[in-house]
Asks: 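Following this message is one structure expressed as structure tokens.
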Amino acid sequence: MLIHRYKWYFLLVFTISLVTSNTYSQVAPNKIIKVFIDPGHGGRDPGKSAVLTGMKAEKHLNLAIANKLGTYISERIKNTKVIYSRTTDKKVSLDDIANAANRSGANYFISIHCNSNPNKAIYGTRTHIHSHKFEASKKLAFAIENEFKTRAGRKSRGVMDSRQRGHNLQVLQYTKMPGVLVECGFMSNPIEEKFLNSEKGQDYIASAIFRAFRTFLENSNITVENRDNIYKVQIMASTLPVNLKERRFQKLDSRVEEYKFPGHTYLYRYMVGREYDKKLAEKLMFKLRKEGFKDAFIVSLKDGQYKTNRVSR
Ligand SMILES: [Zn+2]
């Protein structure tokens, strides 16, 4: 099969964003607000292990907190619908979580996790977002950390985005609605582990997130973030579809997506990543060049444009 690579132009589709990333849109009062809650891990993926005897693995703590949070939201905030990535102890892949959230048409995404560190002295909460450019995610994240600190007696370790972390969190990167990933505390800290395992502790955490979410809704209407204009790294173009099961794709730690560009000779384009920040896209491009895709380059495109359903894993 003939595979041609493009070197001769840089931007596939140059989209000038007329809508900034912090677009606010007022929504009719009776519109249902959908919240997608993701209790991290599950099934054969236990997440962080319990440390003290009798304590539970992360997947169980996440599920307990998520259930409480979902119940508070659906019972106490009018016109809300809660959707869960899982309600039992089962494994859902990161791809499936992001896809389910996107398909559900959720307005907000909240992922629940617990932390761990070799240093037992470390404790406290942290809320992750994809980018500080996203106003709604940022607002919600700060509201959550603020509740933890002022009402739930937690030590807040603040809000962090992918630039500060130096890596992406897949469920925040591939979901299209404002979203947060909450690290509810450190299981490696004996006091915090006991707290996270207690009914009272789980209640404190879930109520804090619930109150933050309610305050956020009251103060910001429904906030929509424009996540349509994205950067990706193109690693290959071809006249015919390429087998994504090949080792050179499978060995990458990023999934490869297939895009179709009708009317072009090189109909099939293979792309990696999903960034809103050009600097991060550049970082990914250099990484992919090192990993053997020497002609990798950045493209800017509208999300979903001509995308086929084929993904490398
Ligand atoms: Zn986790």
Side-chain angles (χ1 to χ4, degrees), residues 22 35-40 47-48 51-52 55-56 58 61-73 75-77 80 82 108-166 169 171-172 178-221 223 225:
N22 52 355
V35 189
F36 193 96
I37 299 180
D38 165 44
K48 307 275 164 37
V51 181
L52 300 173
M55 300 285 126
K56 289 183 172 148
E58 185 196 347
L61 304 180
N62 296 342
L63 186 58
I65 294 166
N67 274 335
K68 284 182 189 289
L69 171 63
T71 308
Y72 293 150
I73 290 176
E75 285 178 357
R76 301 184 201 176
I77 308 178
T80 47
V82 174
Y108 299 101
F109 177 86
I110 304 175
S111 185
I112 303 292
H113 284 258
C114 295
N115 227 328
S116 188
N117 193 286
N119 181 351
K120 284 187 169 34
I122 291 179
Y123 67 100
T125 60
R126 169 159 279 149
T127 301
H128 293 278
I129 54 176
H130 186 65
S131 167
H132 283 298
K133 283 184 184 168
F134 293 155
E135 290 296 325
S137 303
K138 192 171 154 183
K139 230 175 185 172
L140 178 57
F142 277 100
I144 291 168
E145 286 300 318
N146 187 49
E147 280 288 337
F148 280 154
K149 189 167 64 185
T150 58
R151 306 267 306 273
R154 306 286 85 206
K155 175 184 174 175
S156 167
R157 306 179 66 86
V159 174
M160 225 182 208
D161 80 347
S162 43
R163 236 191 207 202
Q164 294 165 315
R165 282 191 301 273
L169 292 170
V171 292
L172 296 181
V180 292
L181 185 148
V182 187
E183 293 279 10
C184 302
F186 282 80
M187 296 164 64
S188 43
N189 177 277
I191 298 171
E192 209 151 64
E193 185 179 29
K194 282 181 199 155
F195 179 81
L196 290 167
N197 274 269
S198 70
E199 180 88 34
K200 183 186 153 205
Q202 293 165 0
D203 245 345
Y204 268 50
I205 296 286
S207 325
I209 302 172
F210 156 73
R211 283 191 308 268
F213 184 64
R214 187 179 55 189
T215 310
F216 164 84
L217 287 181
E218 285 165 0
N219 294 325
S220 34
N221 306 314
T223 314
E225 286 164 345

Asks: How would you list, by chain and number, every residue that makes a salt bridge (charged side-chain N to carboxylate O under 4.0 Å, His left out) with Arg163, sequence neighbours excluded?
Replies: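 In terms of salt bridge (charged side-chain N to carboxylate O under 4.0 Å, His left out), with neighbours along the sequence ignored, Arg163 is linked to Asp277.
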Asks: Could I get the full list of ring-ring contact (aromatic ring centres under 6.0 Å, His included) partners for Phe148, not counting sequence neighbours?
Replies: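 For Phe148 there are no ring-ring contact (aromatic ring centres under 6.0 Å, His included) partners, ignoring immediate neighbours.
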Asks: Nearest heavy-atom pair of Gln164 and Asp161: which atoms, and what distance?
Replies: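 Gln164 and Asp161 have their closest heavy atoms at OE1-N, 2.8 Å.
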Asks: If you define the side chain from C-beta out and look only at heavy atoms, does anything of Val159 sit under 4.5 Å from His132?
Replies: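 Yes; the side chains approach each other to less than 4.5 Å.
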Asks: Can you name the nearest heavy-atom pair linking Asn197 to Lys56, along with the distance?
Replies: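 Closest pair (atom of Asn197, atom of Lys56, distance): OD1-N, 2.8 Å.
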Asks: Taking ring pair (Phe, Tyr, Trp, His ring centres under 6.0 Å) as the cut-off, I'd like each qualifying pair that reaches into residues 183-207, sequence neighbours left out, listed once.
Replies: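 Qualifying pairs, neighbours excluded: none.
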Asks: Among pairs that include at least one residue of residues 184-199, which meet salt bridge (Lys or Arg N to Asp or Glu O under 4.0 Å), considering only residues two or more places apart or in two chains?
Replies: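 Matches after skipping sequence neighbours: Lys68-Glu199, Arg154-Glu192.
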Asks: Can you name the closest pair of heavy atoms from Asn115 and Glu183 and give their distance?
Replies: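 The answer is N-OE1, 3.3 Å.
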Asks: Do you know which two heavy atoms are closest between Ser137 and Pro178, and how far apart they sit?
Replies: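 The pair with the smallest heavy-atom distance is OG-CA, 3.4 Å.
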Asks: Does Arg214 have any salt bridge (charged side-chain N to carboxylate O under 4.0 Å, His left out) partners at least two apart in sequence or in another chain, and if so, which?
Replies: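 Result, salt bridge (charged side-chain N to carboxylate O under 4.0 Å, His left out) vs Arg214: none returned.
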Asks: Heavy atoms only: give me the nearest Cys184-Leu196 pair and the separation to one decimal.
Replies: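 Closest pair (atom of Cys184, atom of Leu196, distance): O-CD2, 3.6 Å.
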Asks: How about Phe213 and Tyr72: are their ring centres within less than 6.0 Å of each other?
Replies: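 Here the rings of Tyr72 and Phe213 have centres that are no less than 6.0 Å from each other.
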Asks: Could you check whether any side-chain N or O of Arg157 sits under 3.5 Å from a backbone N or O of Gly185, counting only pairs where one atom can act as donor and the other as acceptor?
Replies: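 It does not hold such a pair.
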Asks: Indicate the atoms forming the closest heavy-atom contact of Ile144 with Val182, along with that distance.
Replies: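 Here Ile144 and Val182 meet closest at CD1-CG2, 4.1 Å.
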Asks: For residues 117-127, which residue pairs qualify under side chain to side chain donor-acceptor pair (under 3.5 Å), counting only residues two or more places apart or in two chains?
Replies: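 Found Thr125-Glu145, Thr127-Glu145.
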